[in-house]
Number of protein chains: 2
Amino acid sequence: MTAKDGYILERQAGHLLRRAHQRHSAIFQENIGDAQLTPLQFAALVKLRDLNEVSQNHLGRLTAMDAATMQGVIKRLASRGLIERRPDPNDRRRLILSLSVEGRDLIEALVSNGSGITAQTLAPLSPAEQKQFLDLLTKLAQLNGNGE
Amino acid sequence: MTAKDGYILERQAGHLLRRAHQRHSAIFQENIGDAQLTPLQFAALVKLRDLNEVSQNHLGRLTAMDAATMQGVIKRLASRGLIERRPDPNDRRRLILSLSVEGRDLIEALVSNGSGITAQTLAPLSPAEQKQFLDLLTKLAQLNGNGE
DNA sequence: GTTAGATTATTCGTACACAAACAAGTTTTT
DNA sequence: AAAAACTTGTTTGTGTACGAATAATCTAAC
């Protein structure tokens, strides 16, 4: 907490965001109910459940993963048999992704755990603070609003 | 944004924290003023400047990095000649870390950029909102307050 | 004072994160 | 239609993240 010129690591947005994200990841891992599933894999399954079918890159945009990251996440989900990949007949560059039966069953069984994880992550705050925090955080998560 | 049962990815704390952290990282990279320096490396240098000398594990605790991560961060900083490592005479397990002259010069020159990066990260919020956000985020970054 | 237990740093293995470069395919321009 | 520009998915390389295992050392208990 020392600082010769007022720059205190513990008060920087980036450091705090990183630590809060660490804490959330730990809560996720303890409570998701599937030891292999990671937050990104869970996000991909949830979005796929909502949309039924999407291309890989499109799913990446919806879940905020770049193409290279998405590739790895999808590969691992497919190797577990949770999702299926087939070529798009209208655009031969594209891979159309969808949930397998096992993937659908798994995500239906685990979504409620996801809600609990968010609740637990926000538990140190009062209900009013939770709402406020999510509102502010939503603004800061917007890709614009930076400074070019 | 669809959802059969109210679980909306875009409103989950973890997803928003991840995206806000992504945005911060992009702002950091554009504004830190040293193309090689990463947020973690910057944090390590800042803490080292504040404390002069610390053991590697201790520095890891102060910057919220586990021992394995810290090891890599320190290795890269040392290979750039920004920090020095010497054994602790009182405890032969320990490595005592300190800034080199170049490391000190670099961090002194870049700390103010760090403040600008936090400001820019929080720029979408009003000053009152910024204070509130940091207060709430600080509570959520505390390692306790989870639910065992 | 030795043994059991804890701590320090390292290594290994898996999973993000993302820039950069690429091949293959699609769209836009001219 | 052919060229230029863009998109999709993959690969490579570097840097977090962190669990688990290990060797060396230190500390606490007995």
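Chain letters run A, B, ... following the sequence lines, proteins first and then strands; every chain starts at 1. Everything numeric in this text was worked out from a predicted model, so none of it was measured.
Taking for each of Asp88(B) and Gly72(B) the nucleotide of DNA chain D with the nearest heavy atom, the 5'-most of the two is the partner of Gly72(B). With DNA chain C read from its 5' end, the first of the two nearest nucleotides for Gln71(B) and Pro89(A) is the one closest to Gln71(B). Each of Gln29(A) and Ala67(A) was assigned the nucleotide of DNA chain D with the nearest heavy atom; the assignment lying further toward the 5' end belongs to Ala67(A). Between Asp91(A) and Pro39(A), it is Pro39(A) whose nearest contact on DNA chain C lies nearer the 5' terminus.
Listed pair Arg61(A) / dT8(D) meets the phosphate criterion, a side-chain N or O lying under 4.0 Å from OP1 or OP2. Contact check, Gln22(A) against dC18(D): a side-chain N or O comes under 4.0 Å of OP1 or OP2. Within the 4.0 Å cut-off from OP1 or OP2 of dA17(D), not a single side-chain nitrogen or oxygen of Ser25(A) is found. In this structure, Gln56(B) reaches the dT10(C) phosphate: one of its side-chain N or O atoms is under 4.0 Å from OP1 or OP2. Dashed line: the shortest gap from a side-chain N or O of Arg76(A) to OP1 or OP2 of dC16(C) is under 4.0 Å.
Between the CD atom of Gln41(A) and the P atom of dA17(C) there is a distance of 11 Å, given to the nearest Å. Between Leu17(B) atom CG and dA17(D) atom P there is a gap of 14 Å when expressed in whole angstrom units. Taking atom CG of Asp66(A) as the reference point, atom P of dT8(D) lies 14 Å away to the nearest angstrom. The nearest whole Å value for the distance from the CG atom in Leu59(A) to the C1' atom in dG9(D) is 13 Å. For the pair Met70(A) CE and dT11(D) P, the interatomic distance rounds to 15 Å; values are reported in whole Å. Going from atom CG of Leu77(B) over to atom C1' of dT14(D) covers 14 Å, rounded to whole Å. The separation between Ile83(B) atom CD1 and dA9(C) atom P is 12 Å, rounded to whole Å. Remark: P of dC16(C) and NE2 of His21(B) are 16 Å apart, rounded to the nearest angstrom.
A donor-acceptor contact closer than 3.5 angstrom links the side chains of Thr118(A) and Gln12(B). For Arg93(A) and Asn57(A), the side-chain atoms include no donor-acceptor pair closer than 3.5 Å.
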For this session: Please test Val46(A) against Ile8(B) for side chain to side chain contact (heavy atoms under 4.5 Å, CB included), starting from the C-alpha separation and ending with a verdict.
Result: CA-CA 9 Å; Val46(A) 165; Ile8(B) 298 167; over 6 Å; no
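The side chain of Arg92(B) lies closest to dT25(D) when the candidates are dA9(C), dT25(D), dG9(D). Side-chain atoms of Leu40(B) lie closest to dT16(D) of the nucleotides dT11(D), dA9(C), dT16(D). Closest to the Arg18(B) side chain, of the nucleotides dT26(C), dT8(C), dA17(C), is dA17(C). Here the side chain of Ala68(A) is nearest to one of dG9(D), dA20(C), dC18(D), namely dA20(C).
Using a 4.0 Å heavy-atom cutoff across all strands shown, Thr69(B) reaches at least one base atom of the nucleic acid.
In this structure, Glu108(A) pairs ionically with Arg49(A), as a charged nitrogen and a carboxylate oxygen lie closer than 4.0 Å. Salt bridge annotation for Asp34(A)-Arg80(A): present, with a cationic side-chain nitrogen under 4.0 angstrom from a carboxylate oxygen.
Aromatic ring pairs are classed by plane angle as parallel below 30°, tilted from 30° to 60° and perpendicular above 60°; the pair Tyr7(A) and Phe42(B) is perpendicular.
Arg93(B) contributes no side-chain N or O that forms a donor-acceptor pair with the base of dT8(C) under 3.5 Å.
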